Trainee: 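Once you've had a glance at the structure underneath, I'll fire off some questions.
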2 protein chains.
Amino acid sequence: MNIGDVARASGLPAKTIRYYEEIGLVTPRRGANGYRSFRDSDLHKLTFLGRARALGFSIEDCRTLLALYEDDHRESAQVKQVAEDHLARIDDKIAQLQGMRATLARLVEACSGDHRPDCPIIEDLGQPGR
Amino acid sequence: MNIGDVARASGLPAKTIRYYEEIGLVTPRRGANGYRSFRDSDLHKLTFLGRARALGFSIEDCRTLLALYEDDHRESAQVKQVAEDHLARIDDKIAQLQGMRATLARLVEACSGDHRPDCPIIEDLGQPGR
DNA sequence: CCTTGACCTTCCAGTGGCTGGAACCCCCAT
DNA sequence: ATGGGGGTTCCAGCCACTGGAAGGTCAAGG
């Protein structure tokens, strides 16, 4: 399979696949013409990566998960640990965004949004604390 | 005021303040020794920026908001528009993260997390579709 | 006067995870 | 021979900083 084929099959852009090769996540062979030649196992890996990335795992997490994916002697506890850590980070992010959202929503609601310059949003941003 | 003073007062790292100067968000004067010399108005701007950034506004949004902050003839509708757009982006992000969270939490729960290799998380990631 | 140490300066490089573009090669159909 | 749709490499850029090196400045203490 050429890069275009695996791109279509995995849903990843060809550019991303080249990048993944560059950082050592996949190592396709090369044909006589210099083209990358992907095996089924490469496609599986790329699909795995696409899915893991879609769940927000970092590239380094993906590297770890991929190693576990390939390792018949993995312990599910290792996988679970990575996933739980990631889950905690997601929760942090959500909490942070919800904090912003709450403040912002309050300000937006308080702003008349008309032709006058008075604006609670600007006023709040001008305040040091909170 | 030197950069250290405004850094303490605004809560922004000195590095960040230099960066903000570089991209034209603040333009402190310079003393005879080459040191940046910040006026009160500069400090106000930096505080404003710190607050806006903490609410997740992009640098470009901050540039716009800062211009409105400085403009006595602004219309609050302009400010509100920027804030509402940002709010919508935050909501998108929260929704996306909650989607990830839901999937991930389900998988984590299903994983026994013991010494055996069988793992629903890895299995799910290995699946092409959702 | 000299040293120390805290402060300031600039410049360069790196982060994460791609993405766009230029310039070029390869292969097949017309 | 030509055109189009693959493929290749390499370089630059995105965002918003952050770290570090190498050096200049200033005030206090010995």
Side-chain angles (χ1 to χ4, degrees), chain A residues 1-38 42-43 45-46 48-66 85-86 89-90 92-93 96-97 100, chain B residues 1-38 42-43 45-46 48-66 85-86 89-90 92-93 96-97 100:
Chain A
M1 279 179 291
N2 284 346
I3 200 165
D5 304 319
V6 283
R8 267 181 298 279
S10 68
L12 295 171
K15 278 264 180 189
T16 299
I17 296 171
R18 288 193 196 99
Y19 173 66
Y20 286 172
E21 181 187 14
E22 193 185 317
I23 63 174
L25 289 178
V26 278
T27 34
R29 306 180 187 226
R30 295 289 180 140
N33 53 10
Y35 285 18
R36 288 170 184 81
S37 173
F38 295 83
D42 293 320
L43 176 53
K45 281 197 198 182
L46 288 169
F48 182 97
L49 287 168
R51 185 99 180 88
R53 291 289 299 136
L55 286 178
F57 284 103
S58 72
I59 290 287
E60 280 321 295
D61 280 349
C62 287
R63 206 183 289 280
T64 305
L65 290 172
L66 206 47
D85 289 356
H86 180 47
R89 268 175 284 140
I90 287 181
D92 287 353
K93 255 189 216 161
Q96 201 198 345
L97 286 170
M100 290 178 185
Chain B
M1 279 180 291
N2 284 345
I3 199 166
D5 304 318
V6 283
R8 266 182 298 279
S10 68
L12 295 170
K15 279 264 180 189
T16 298
I17 296 171
R18 288 193 196 99
Y19 173 66
Y20 286 173
E21 181 186 14
E22 193 185 317
I23 62 174
L25 289 178
V26 277
T27 35
R29 304 176 186 232
R30 295 291 178 138
N33 53 11
Y35 286 18
R36 288 169 184 82
S37 173
F38 295 83
D42 292 320
L43 176 54
K45 280 195 198 183
L46 288 169
F48 182 97
L49 286 168
R51 185 98 179 86
R53 291 288 300 135
L55 286 178
F57 285 102
S58 72
I59 289 287
E60 279 322 295
D61 280 349
C62 287
R63 207 184 288 281
T64 305
L65 290 172
L66 206 47
D85 289 356
H86 181 46
R89 268 176 284 143
I90 287 181
D92 287 353
K93 255 190 216 162
Q96 201 199 345
L97 285 170
M100 290 178 185

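Note that the coordinates shown come from a computational prediction; the quantities given were computed from them, not determined experimentally. So you know, we letter chains A, B, ... as the sequences are listed, proteins then strands, and number each from 1.
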Trainee: Could you state the CD1-C1' distance from I17(B) to dT18(D), rounded to the nearest angstrom?
Mentor: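 From I17(B) CD1 to dT18(D) C1': 14 Å.
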Trainee: Whole Å only: how far is the OH atom of Y19(B) from the P atom of dG19(D)?
Mentor: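 Y19(B) atom OH is separated from dG19(D) atom P by 15 Å.
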Trainee: At under 4.0 Å between heavy atoms, how does the protein contact nucleotides 5-10 of chain D? Give one character per nucleotide, 5' to 3', with B, S or -.
Mentor: -BSBBB
Trainee: Show the numbers, then the answer: is there a side-chain contact (heavy atoms from CB on, under 4.5 Å) between Y35(A) and I3(A)?
Mentor: CA-CA 8 Å; Y35(A) 285 18; I3(A) 200 165; over 6 Å; no
Trainee: Return the value, rounded to whole Å, for the distance between atom OH of Y20(A) and atom P of dG16(C).
Mentor: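 Going from Y20(A) (OH) to dG16(C) (P), I get 14 Å.
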Trainee: Is a donor on one side and an acceptor on the other found under 3.5 Å between the side chain of H86(B) and the backbone of D61(B)?
Mentor: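 No.
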Trainee: Could you state the CG-P distance from L12(B) to dA16(D), rounded to the nearest angstrom?
Mentor: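 In whole Å, dA16(D) P and L12(B) CG are 14 Å from each other.
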Trainee: Whether T16(B) contacts dT18(D) is assessed here as follows: a side-chain N or O lying under 4.0 Å from the phosphate OP1 or OP2. Is that the case?
Mentor: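 Yes, such a contact exists.
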Trainee: Tell me whether R30(A) at atom CZ has more than 12 heavy atoms from other residues, nucleotides or ligands lying less than 6.0 Å away.
Mentor: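 Yes, the 6.0 Å shell around CZ holds more than 12 heavy atoms from other groups.
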Trainee: Give the rounded distance in Å between these two atoms: CD1 of I59(B) and P of dT18(D).
Mentor: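 Computing the I59(B):CD1 to dT18(D):P distance gives 11 Å.
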Trainee: Name the nucleic acid region contacted by F57(B), choosing base, sugar-phosphate or nothing; use a 4.0 angstrom heavy-atom cut-off, strictly under.
Mentor: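 Nothing, no nucleic acid heavy atom in range.
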Trainee: Using whole Å, report how far CD of E22(A) lies from C1' of dC18(C).
Mentor: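 Between C1' of dC18(C) and CD of E22(A): 10 Å.
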Trainee: Can you check whether L43(B) reaches F38(B) side chain to side chain, under 4.5 Å on heavy atoms?
Mentor: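 In short, these two side chains do not touch, never coming nearer than 4.5 Å.
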Trainee: Any donor-acceptor pair under 3.5 Å linking the side chain of R63(B) with the backbone of I23(B)?
Mentor: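 Yes, because the side chain of R63(B) sits within donor-acceptor range (under 3.5 Å) of the backbone of I23(B).
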Trainee: Apply side-chain contact (heavy atoms from CB on, under 4.5 Å) to residues K93(B) and K93(A) and explain how you reach the verdict.
Mentor: CA-CA 10 Å; K93(B) 255 190 216 162; K93(A) 255 189 216 161; over 6 Å; no
Trainee: Without decimals, in angstroms, what is the distance between E60(A) CD and dG17(C) C1'?
Mentor: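 Result: 12 Å.
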